[in-house]
Amino acid sequence: MKHERRSHQRKSIRIACSLEMMCGTSYHGHTRNISDNGVFMESCNVTVPNRNGNTPGVGDLGMLRLHYKRGEISESISARCRLIHITADGIGIFANFSELTEKELVVLDKILKANSDRI
């Protein structure tokens, strides 16, 4: 049996998301899972160099955006983030959800409780 090292429980939720790195590179994909302090983002082009020849590295900073629907209206919440793990199919991301506004925290809580991007 594998020992779980994480202090925050992960929930398997598939939500459209995007990641904009400080260097200007952006990635689009879906979450594989979300916890109180981060996400694993599935994206097929993570290891492809950007136009400057750079690929993302562990420790790089950026902005994570989670996209959701409130009725028929598409909205998103954003959090500053840091890359903590990179694989061929995605990125482990530490997200500063603690910096979200009270309204954004309510939205994140609704997403986690509903296991859905529709709230």
Any side-chain heavy atom of [X] sitting closer than 4.5 Å to one from [Y]?
| X | Y | result |
| --- | --- | --- |
| Ser12 | Arg10 | no |
| Ile13 | Val39 | no |
| Ile34 | Ile15 | yes |
| Ile119 | Tyr68 | yes |

- Message: Run the side-chain contact (heavy atoms from CB on, under 4.5 Å) test on Met21 and Leu83 for me, step by step, so that the C-alpha distance in whole Å, both residues' side-chain angles and the decisive distance to 0.1 Å come before the verdict.
- Response: CA-CA 10 Å; Met21 303 305 301; Leu83 307 188; 3.7 Å; yes

List in chain and number order the residues that pass side-chain contact (heavy atoms from CB on, under 4.5 Å) with [X], two or more places apart in sequence or in another chain; answer none if no residue qualifies.
| X | result |
| --- | --- |
| Ser74 | Lys69 |
| Glu104 | Ile77, Leu100, Thr101 |
| Ile84 | Arg82, Phe94 |
| His67 | Ala16, Ser18, Arg65, Ser76 |

Same apolar cluster (I L V M F W Y, side chains within < 4.5 Å links), [X]/[Y]:
| X | Y | answer |
| --- | --- | --- |
| Leu66 | Leu105 | yes |
| Met63 | Leu19 | no |
| Ile93 | Phe40 | no |

- Item | Residues which pass salt bridge (Lys or Arg N to Asp or Glu O under 4.0 Å) with Arg118, listed by chain and number, not counting sequence neighbours |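 With neighbours one apart ignored, the set is empty.
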
Pairwise distance [atom1]([X]) to [atom2]([Y]) - rounded to 0.5 angstrom:
| X | Y | atom1 | atom2 | value |
| --- | --- | --- | --- | --- |
| Arg14 | His30 | CZ | NE2 | 4.5 Å |
| Gln9 | Leu112 | CD | CG | 9.5 Å |
| Glu42 | Cys17 | CD | SG | 9.0 Å |

Work out which heavy atom in [X] is nearest to a heavy atom in [Y]; give both atom names and the distance.
| X | Y | answer |
| --- | --- | --- |
| Gly29 | Met41 | N-CE, 3.5 Å |
| Tyr27 | Ser43 | CB-OG, 4.1 Å |
| Leu64 | Cys81 | N-SG, 3.7 Å |

- Query: Just wondering, are more than 12 heavy atoms of other shown residues or ligands nearer than 6.0 Å to NZ in Lys11?
  - Reply: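 More than 12 heavy atoms, drawn from other residues, nucleotides or ligands, come within 6.0 Å of this atom.
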
- Asp89 and Thr87: side chain donor to acceptor below 3.5 Å: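 Present: a donor and an acceptor within the cut-off.
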
- Message: Who clusters with Met22? Use side-chain heavy atoms, under 4.5 angstrom, across I, L, V, M, F, W and Y, and order the result by chain and number.
- Response: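 Met22 shares its hydrophobic cluster with Leu61.
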
- Dump the intermediate steps for side-chain contact (heavy atoms from CB on, under 4.5 Å) on Asp36 and Leu108, then the final yes or no. CA-CA 9 Å; Asp36 289 341; Leu108 181 60; over 6 Å; no

